[in-house]
Amino acid sequence: MPGFEVFGAEERKQVNDVLESGVLMRYGFDGMRNGHWKAKQFETAFAERMQSAHCQLVSSGTSALTVALASAGVGAGDEVIMPTFTFVASFESIMMLGAVPVLVDIDDTLTLDPEAVEAAITPKTKCIMPVHMCGSMADLKALQQICDKHNLLLLEDACQAIGGTFEGKPLGSYGDLGCFSFDFVKTITCGEGGAVITNSEKYAVNADQYQDHGHDHVGTDRGAETHPHLGYNFRISELNAAVGIAQLDKLDSILAAQKKNYTIIREVLETIEGVTFRRVPEGGEENYSFLNFFLPSEELATKAHKALSGSGVEACFYWYTNNWHYINGWEHLRNLKSLAPLSSEIKNQIQDLNNTDFSKSDAWMSRTVSSLIKIGWTETEVKDRAEAMKKAIQSVL
Ligand SMILES: *Cc1c(COP(=O)(O)O)cnc(C)c1O
């Protein structure tokens, strides 16, 4: 996820436009801006690239998730179904609203298992939040059918899979709402930032207002604006948005480079007996930011991961024991360690996460190794990496 690898003159030029006018805020100061509306410009371009009617930029991917949920009316006591393999932002964004995260198993797509999702639905369920981890996607068709049947929202967390597609649609644009992150390690970055996309006019207006203290954004006098409802401050700054404009222009070339490098490595790993690959749901195309594969057992996966780092292959991850991405590492969530009392809805409704059976997730995660795909590698470097990976993996099989 290498946006920072291609940071250059284009990003500096965009930022300088903002620095020269001195208007670091996305709203107001019309006369001083020299015509620069970087956040608005990024939103228009991003909505178009994502084939969505609306885009709302915000301060991070995490806040994008919160804003998306709030915009669609998810709040205290509402249950949001999310996967066991994700980033901590999933439950953070839900609990921020007093809503209740319901963790369910993943399958060999490394994303939500539709059967596990259906089994977790209760009268309080409001939303299903698939997370397209490590460049590939959940079975959106199956999840959409479940949402239709039970009248639920489908909110895609596409933070790690920007540019991937499902049935020809950009990931994030398939569900009711889609969220993206532009933090520093994402496929395109603006330092810190995020986006919500939707085709719903209603959610778009709600998001626009909610992320800026409930401002109605009518007229040109910010001080005179009314507040149709309560909001918060999740605004992006013009400086960050400016970087994003330049990065978005590079998205397609980043995706092409990822695909090329991924393919070289995959073709070599495919020749190893015992290595299999994550399933991509029918109709999906990855964004190729990671190559994710399975070893035959937990023991072999642990050994392979060790052998990979031992032989100097950088950026291979074993998420099963990682503190950020899998339920095993979330001791603070499992034991509800909060600075202050949580809402009674969360306390009363949340699963006993220390004693919930996630053995199906364990079975996949304990066997998964992921290789990051960088775009700065030369062709020789990628080929050498592929051979080094093969040698390391074969040494333990
Ligand atoms: C990065 C990420 C987020 C959160 O994005 P931030 O901009 O870092 O807040 C959310 N979900 C997933 C899957 C991510 O990878």
Side-chain angles (χ1 to χ4, degrees), residues 1-4 39 42 46 55-70 80-97 101 103-104 106 109-112 127-138 140 143 154-164 171-172 174-175 177-197 207 211 232-237 239-241 243-244 247-248 258 278 286-290 292 315 317 319 322-327 329-330 333 361 365 368 370 372-373:
M1 297 197 286
F4 66 80
F42 187 7
F46 195 71
C55 167
Q56 178 65 53
L57 287 179
V58 288
S59 54
S60 71
T62 311
S63 50
L65 292 165
T66 294
V67 169
L69 290 165
V80 180
I81 293 177
M82 57 164 275
T84 52
F85 175 49
T86 176
F87 180 53
V88 291
S90 303
F91 57 79
E92 288 170 350
S93 60
I94 297 165
M95 292 165 83
M96 178 66 105
L97 296 164
L103 276 73
V104 313
I106 53 132
T109 64
L110 301 183
T111 65
L112 282 178
C127 175
I128 299 177
M129 186 198 281
V131 184
H132 306 315
M133 285 297 281
C134 301
S136 183
M137 78 292 309
L140 288 169
L143 294 177
L154 183 60
L155 165 54
E156 292 175 70
D157 178 342
C159 291
Q160 291 197 10
I162 185 172
L171 294 178
Y174 192 92
L177 298 129
C179 291
F180 297 87
S181 164
F182 309 118
D183 81 21
F184 192 58
V185 297
K186 295 303 203 272
T187 303
I188 59 173
T189 179
C190 64
E192 300 285 358
V196 181
I197 58 171
Q211 58 88 40
Y232 202 76
N233 179 3
F234 291 114
R235 290 190 308 260
I236 195 167
S237 90
L239 287 168
N240 294 92
V243 178
Q247 287 264 305
L248 182 57
Q258 284 181 171
R278 166 195 198 165
E286 302 178 68
N287 85 341
Y288 305 103
S289 54
F290 284 88
N292 308 284
F317 300 97
W319 307 116
N322 174 290
N323 281 343
W324 276 28
H325 290 290
Y326 191 57
I327 172 103
W330 303 331
L333 172 68
S361 302
M365 290 314 299
T368 303
S370 299
L372 183 68
I373 302 295

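Whatever order the structure lists them in is the order used to number ligands and atoms, beginning at 1.
At a 3.5 angstrom cut-off on N or O pairs, Q160 counts as close to ligand 1. Taking only nitrogen or oxygen atoms, main chain and side chain alike, E192 does not reach within less than 3.5 Å of ligand 1. Checked against a 3.5 angstrom limit, the closest N/O atoms of G61 and ligand 1 fall inside it.
Ring orientation note: the planes of F87 and H325 are tilted relative to one another, at an angle of 30° to 60°. Taking the six-membered ring where tryptophan is involved, the planes of F42 and F182 are tilted, since the angle between them lies from 30° to 60°.
At a heavy-atom distance under 4.0 Å, only side-chain atoms of A89, from C-beta outward, approach ligand 1. Only side-chain heavy atoms of K186 come within less than 4.0 Å of ligand 1; its backbone N, CA, C and O stay farther off. Contacts between T62 and ligand 1 below 4.0 angstrom, taking non-hydrogen atoms only, involve backbone and side chain alike.
Not one N or O on the side chain of Q247 forms a donor-acceptor pair closer than 3.5 Å with the backbone of I188. Counting only distance, with no hydrogens or angles, the side chain of N240 and the backbone of C190 share a donor-acceptor pair below 3.5 Å. The backbone N or O of E286 lies less than 3.5 Å from no partner atom in the side chain of S136, so there is not a single donor-acceptor pair.
Short contacts between ligand 1 and D183, defined as distances under 4.0 Å to a heavy atom of the residue, involve ligand atoms 1 (C), 6 (P), 7 (O), 8 (O). Atom numbering of ligand 1 starts at 1 in the shown order; those under 4.0 Å from a heavy atom of V131 are 13 (C). For ligand 1 and S60, the ligand atoms under 4.0 Å from any heavy atom of the residue are 7 (O), 9 (O). Of all the atoms in ligand 1, the ones that sit under 4.0 Å from a non-hydrogen atom of F87 are 2 (C), 3 (C), 4 (C), 10 (C), 12 (C), 14 (C).
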Start with the C-alpha distance between Q160 and H132, add both sets of side-chain angles, then the distance that settles side-chain hydrogen bond (donor to acceptor under 3.5 Å, both in side chains), and finish with yes or no.
-> CA-CA 6 Å; Q160 291 197 10; H132 306 315; over 6 Å; no
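With sequence neighbours excluded, no residue forms a side chain to side chain donor-acceptor pair (under 3.5 Å) with R278.
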